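Have a look at the structure below before the remarks.
Throughout, numbering of the chain's residues begins at 1 and tracks the sequence. Only a predicted model underlies this, so the values are computations on that prediction, with no experimental measurement involved.
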Amino acid sequence: MKINKSVEQAIYVLLILALQKDGEPLKSRILSAHLKVSDSYLKKILMKLKKAA
């Protein structure tokens with residue numbers, strides 16, 4: 001099964017946030033730098049995750 005790149009990035013974001021100590025929030029630019037994607041692209045993914053919650 002092939003996974004869309006956006007879905008893959010969303011999974012990585014969820015894993016990073018789940019493993020974050022003390023539930024501390026992260027800035028999107030830190031996540032985008034870690035995932036090596038643009039901040040605007042990551043923000044679109046985060047907005048989709050927010051709407052799905």
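Rounding to the nearest 0.5 angstrom, the gap separating the CG atom in Leu26 from the CG atom in Leu31 is 5.0 Å. One distance of note links OG of Ser28 with CG of Leu35; it measures 11.0 Å at 0.5 Å rounding.
Sorted by first then second residue, the side-chain hydrogen bond (donor to acceptor under 3.5 Å, both in side chains) pairs that include residues 44-53, not counting sequence neighbours, number zero.
Residues passing the side-chain hydrogen bond (donor to acceptor under 3.5 Å, both in side chains) test with Lys43 are Asp39, sequence neighbours excluded.
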Please report, to 0.1 Å, the donor-acceptor pairs under 3.5 Å made by any side chain of residues 8-25, with sequence neighbours excluded.
| unit_1 | atom_1 | unit_2 | atom_2 | d |
| --- | --- | --- | --- | --- |
| Glu8 | OE2 | Tyr12 | OH | 3.3 |

